[in-house]
Amino acid sequence: MTDSRPPTPAPPTSTRKLRDLTGPGITTAFGMEGTDLGITARTPSGRLLAVFGDTFAGAGMGAPHVGRPHPGIAECSPTTDERPGPGNPDWRSPVGLFADDAAPGGGLVWTGAAGPGPPDYAGQLIDYVHARGCSTVLPGDVLTLGDTMYLHVMVNEGLGTVTRTEIHRSVDDGSTWEPTGVTFSPRLEGGHRQLWTWETGGDGFVYVMSTGFQRDKGVILMRVRQEHLADPGVNGWQTWGYREGAWDWGNPTTIVLPGRIGEMYLRRCEDFWTLTYFDAEHYRIDCLTFPHIGADLLDRSVTTHTTLLHGCAWGDESDGSDPAAGPARVAQLYCGCPVPGSTPEEWHVVVSQWNTHDSAAGPAGWPYRSMQFVGSIPRPPGTRAGDRPAAGA
């Protein structure tokens, strides 16, 4: 694979925090005060589904169980040598919450939970037990194709040690999920095919950008025809690469965005494409806007590069509402998934935060939550506001 230096971003936009999306008093009723991520997608019926990662009833990573037990609690037990992890019998991942189809300007409001349990309890979407060999299953991205939703997940044996990835599907508007039987080795493309984001191109293809789950790799680009998305095997997949002076599908895989990339989300907006992602190397959430799939993400004449939100130390945070406090900053931030219905002028993102050590915020484990921020992103050169969505390249 070839590599090159990332582009220099434009100055940060005026980003501000709207609200916390999870935590005590917000998602307590769904048995999930401690959680992260919040990957949002529009369901076939038009409502919104947000998929979260490692989830606990109490406030914090591994916080004690309170309230109604998880339906599968009898199958789980505290941490032992055979069951590594936070040691909480109410540990679930992934889980999902629904929100009404409304403009995101006021912040998402949860109306019910997905999963096998009752609608007021966020049960685990995938049937497995947190145990040795499969400590947790974490979501990468969600995609809706017609009446079916697809969820790409990473099976981990310890955080960051991916043993395989899988595609699951839902045919009941995101309420329940089943495996498609599609699995991929974590070693494909030199380990760059673990953490996925995907989007339809309007041309019969699903486009996937992927990287490793260790935040030490760049991004590659792949595609598959929509009708083959849930087919086992890799024969239907093509990678985008550079060979003999030209980029094309089927060429040797080439890095399209260098750096140390974490969670990322490929989305279409109006007549252009966006990639919102966590830049681990520079400790910030950035967004690229570009005219079509296959555009040079490092060429400033066709791609814009904007920083939405910077990371900072605990005790130095700002929600962006007070100019005297400077631009919005978040300690130990990650994720950054756009909310459906966002516009370039109001680009809403779900941002995660996890206090992994004793700090100015308090003991390790809290905050461990998802929050909604709003900023703005520029259109790529040559595009106009209000244009119709374009098909992929």
Side-chain angles (χ1 to χ4, degrees), residues 20-41 48-79 83-99 108 110-131 134-142 151-156 158-160 168 170 174-177 213 263 332 334-335 337 350-356 364-372:
D20 290 335
L21 293 177
T22 64
I26 303 171
T27 46
T28 302
F30 301 107
M32 51 176 293
E33 292 184 350
T35 191
D36 71 346
L37 302 179
I39 302 165
T40 55
L48 300 184
L49 170 68
V51 178
F52 298 87
D54 288 327
T55 296
F56 306 90
M61 166 59 77
H65 162 75
V66 293
R68 184 190 299 109
H70 173 239
I73 195 171
E75 300 179 46
C76 303
S77 63
T79 300
R83 293 182 182 273
N88 188 306
D90 203 29
W91 184 11
R92 292 155 278 153
S93 180
V95 304
L97 293 179
F98 293 111
L108 298 175
W110 310 120
T111 59
D120 62 344
Y121 195 86
Q124 187 167 279
L125 300 182
I126 297 172
D127 184 19
Y128 74 99
V129 175
H130 299 259
C134 178
S135 60
T136 192
V137 175
L138 297 177
D141 204 359
V142 187
L151 172 64
H152 182 264
V153 300
M154 299 169 289
V155 179
N156 287 259
L159 185 63
H168 294 248
S170 170
S175 293
T176 60
W177 296 79
F213 193 45
E263 299 80 21
Q332 290 196 260
Y334 55 106
C335 192
C337 182
V350 179
V351 175
S352 291
Q353 180 181 52
W354 177 12
N355 180 23
T356 58
W366 182 261
Y368 177 62
R369 61 187 174 189
S370 296
M371 306 167 285
Q372 186 171 342

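In what follows, residues are counted from 1 in the order of the sequence shown. Since this is a predicted model, take the numbers as computed values, not measurements.
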Can you tell me how far apart [atom1] ([X]) and [atom2] ([Y]) are? Round to the nearest 0.5 Å.
X    : Y    : atom1 : atom2 : result
F56  : W91  : CZ    : CH2   : 6.0 Å
H130 : Q124 : NE2   : CD    : 4.0 Å
L108 : L97  : CG    : CG    : 10.0 Å
S93  : M32  : OG    : CE    : 10.0 Å
E263 : S352 : CD    : OG    : 7.5 Å
L37  : S370 : CG    : OG    : 6.5 Å

Could you check whether [Y] and [X], counting side-chain N and O atoms only, form a donor-acceptor pair closer than 3.5 Å?
X    : Y    : result
Y334 : D36  : yes
T136 : N156 : no
T22  : E33  : no

Checklist entry - Which of these, L21, T35, L125, sits in a side chain to side chain contact (heavy atoms under 4.5 Å, CB included) with F52? => result T35

Sub-4.5 Å side-chain heavy-atom contact between [X] and [Y]:
X    : Y    : result
H168 : I126 : yes
Q353 : P367 : yes
P94  : V51  : yes
R92  : Y121 : yes
F213 : M154 : yes
V155 : C134 : yes

Checklist entry - Can you name the nearest heavy-atom pair linking A122 to V95, along with the distance? => result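 So the minimum-distance heavy-atom pair works out to O-CG1, 3.7 Å.
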
Item to check | Residues L138, D54; criterion side-chain contact (heavy atoms from CB on, under 4.5 Å); working and verdict | outcome: CA-CA 7 Å; L138 297 177; D54 288 327; 3.7 Å; yes

Item to check | Working for side-chain contact (heavy atoms from CB on, under 4.5 Å), residues T40 and L49 | outcome: CA-CA 5 Å; T40 55; L49 170 68; over 6 Å; no

Next on the checklist: Does M371 form a side-chain contact (heavy atoms from CB on, under 4.5 Å) with V350? I'd like the steps, not just the answer.
Outcome noted: CA-CA 6 Å; M371 306 167 285; V350 179; over 6 Å; no

Checklist entry - Would N355 and W366 count as a side-chain contact (heavy atoms from CB on, under 4.5 Å) if you check the C-alpha gap in whole Å, the side-chain angles of each, and the deciding distance to 0.1 Å? => result CA-CA 6 Å; N355 180 23; W366 182 261; 6.0 Å; no

